[in-house]
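FYI, side chains are in, hydrogens and waters are out, and symmetry mates aren't considered; it's all heavy atoms of this structure. Bear in mind that the values here come from a model prediction, so they are computed numbers and not experimental data.
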Amino acid sequence: GTTYCAVAHLDDRGRPTTLPNRDGDILTPSAVYLDDDGNAVVGQPALDLSLEQPDRVATMIKRRIGYPNFGREVAGRDFRPETLSAIILKKLVQDAEAHVGPVDRAVITVPAYFDDTRRKATMDAGRIAGLDVLDILDEPSAAALAYTFQVAPGAELPTDGVRTILVYDLGGGTFDVTLVKLGKKRFQVLAIEG
């Protein structure tokens with residue numbers, strides 16, 4: 001995400017479950033700190049170090065994904081946003097693997113307004129992180145899909161029809177809205193705006 005990231009997987013019953021990072025938190029700050037030796041620290045420790053060494057920390061990386069460079073030097077070097085994003089993705093994978101074992105495939109979500117260039121750059125970041133990126137999915141569409149698996153009592157989908165749902169995603173750097181038509185075996189995106 002622009003400010004925070006989260007990882008989920010499908011549990012044994014096929015339901016999406018959010019996994020905590022190594023610190024036990026569900027959200028990981030989207031921050032990368034680079035030292036003189038090229039070692040990276042990701043997450044809250046990087047965010048903490050940004051107060052003392054802001055020139056060594058990259059944040060809001062997703063806003064620059066798809067551009068030729070990050071827009072400023074980090075630790076005295078130019079980076080492509082995909083490279084910085086891959087560092088975050090690699091940490092998220094390592095955290096997930098501590099809970100579910102080896103992870104080599106992923107679906108990555110992006111803001112609804114991302115064009116093909118930014119979607120491809122996100123896919124490239126996943127590949128740099130060593131992942132087989134199965135798909136790039138709009139964040140509000142992902143939320144709507146998760147909803148179909150985690151419907152609250154009394155809000156079940158009709159067995160003989162469909163329900164039209166408006167999903168909004170108010171994140172740290174984006175505000176996306178998706179209108180979807182949901183049924184027991186149907187998921188159709190009607191409109192997306194971000």
(message) Quick check on the hydrophobic clustering: are V103 and I87 connected, directly or via other members, by side-chain heavy-atom contacts under 4.5 Å?
(response) yes
(message) Quick check on Y67: does its OH atom have over 12 non-hydrogen neighbours (other residues, nucleotides or ligands) under 6.0 Å away?
(response) no
(message) Among residues at least two apart in sequence or on other chains, which ones pass salt bridge (Lys or Arg N to Asp or Glu O under 4.0 Å) with R118?
(response) none
(message) Minimum heavy-atom separation for L131 and R105, please, with both atom names.
(response) CD2-N, 4.2 Å
(message) Check this for me: R77, atom CZ, are more than 12 non-hydrogen atoms of other residues, nucleotides or ligands nearer than 6.0 Å?
(response) no
(message) Are L137 and I192 linked, directly or through intermediate hydrophobic residues, by side-chain heavy-atom contacts shorter than 4.5 Å (ILVMFWY only)?
(response) yes
(message) Are L10 and V133 connected into the same hydrophobic cluster when the rule is that any two of I, L, V, M, F, W, Y join if their side-chain heavy atoms are below 4.5 Å apart?
(response) no
(request) For residues N69 and R64, determine if any side-chain heavy atom of one lies less than 4.5 Å from a side-chain heavy atom of the other. (result) yes
(message) Using a strict threshold of under 4.0 Å (side-chain N to carboxylate O), is an ion pair present between K91 and E97?
(response) no
(request) Specify the closest pair of heavy atoms between L89 and A129, including all atoms of both residues, with the distance to one decimal. (result) CB-CB, 3.8 Å
(message) Could you check whether any side-chain heavy atom of R80 comes within less than 4.5 Å of a side-chain heavy atom of F70, counting everything from C-beta outward?
(response) no
(message) Please check if the number of heavy atoms outside N39 that lie under 6.0 Å from its CG is greater than 12.
(response) yes
(message) Are V42 and L47 linked, directly or through intermediate hydrophobic residues, by side-chain heavy-atom contacts shorter than 4.5 Å (ILVMFWY only)?
(response) no
(request) Write down the atom of D138, the atom of P111, and the distance for their closest heavy-atom approach. (result) OD1-O, 3.9 Å
(request) Over all heavy atoms of both residues, which pair between C5 and I88 is shortest? Give the atoms and the distance, please. (result) SG-CG2, 3.8 Å
(request) Determine, step by step, whether I61 and R63 satisfy the side chain to side chain contact (heavy atoms under 4.5 Å, CB included) criterion, reporting the C-alpha distance in whole Å, the side-chain angles of both residues, the deciding distance to 0.1 Å, and the verdict. (result) CA-CA 5 Å; I61 299 162; R63 289 189 179 187; over 6 Å; no
(request) Hey, could you give me the OG1/CG distance between T18 and D25, rounded to the nearest 0.5 Å? (result) 13.0 Å
(message) Nearest 0.5 angstrom please: E139 CD to T109 OG1, how far?
(response) 4.5 Å
(request) Give me the other members of the hydrophobic cluster that L166 sits in, counting Ile, Leu, Val, Met, Phe, Trp and Tyr linked by side-chain heavy atoms under 4.5 Å, directly or via other members. (result) Y168, L170, F175, V177, L179, L190
(request) Please round to the nearest 0.5 Å and tell me the distance separating atom CE of M123 and atom CD1 of I65. (result) 12.0 Å
(request) Indicate if V32 and V74 have the same hydrophobic cluster label, given that clusters are the connected sets of ILVMFWY residues with side-chain heavy-atom separations under 4.5 angstrom. (result) yes
(message) Are H9 and T17 packed together at the side-chain level, in the sense that at least one heavy-atom pair is separated by less than 4.5 angstrom?
(response) yes
(message) Run the salt bridge (Lys or Arg N to Asp or Glu O under 4.0 Å) test on K120 and D116 for me, step by step, so that the C-alpha distance in whole Å, both residues' side-chain angles and the decisive distance to 0.1 Å come before the verdict.
(response) CA-CA 6 Å; K120 183 189 176 310; D116 287 341; over 6 Å; no
(request) For residues V110 and F114, report the shortest heavy-atom separation together with the two atoms involved. (result) CB-CD2, 3.5 Å
(request) In sequence, state the C-alpha distance, the side-chain angles, and the governing distance for L92 and T28, and then conclude on side chain to side chain contact (heavy atoms under 4.5 Å, CB included). (result) CA-CA 8 Å; L92 295 172; T28 300; 3.9 Å; yes
(message) Within this structure, what is the CG-CD1 distance for the pair D135 and I108, rounded to the nearest 0.5 Å?
(response) 10.0 Å
(message) How long is the straight-line distance from CZ of R119 back to OG1 of T122, given to the nearest 0.5 Å?
(response) 8.5 Å
(message) Surrounding CD of Q94 (heavy atoms of other residues, nucleotides or ligands, distance under 6.0 Å), is the total greater than 12?
(response) yes
(request) Work out which heavy atom in V180 is nearest to a heavy atom in T178; give both atom names and the distance. (result) CG1-CG2, 3.5 Å
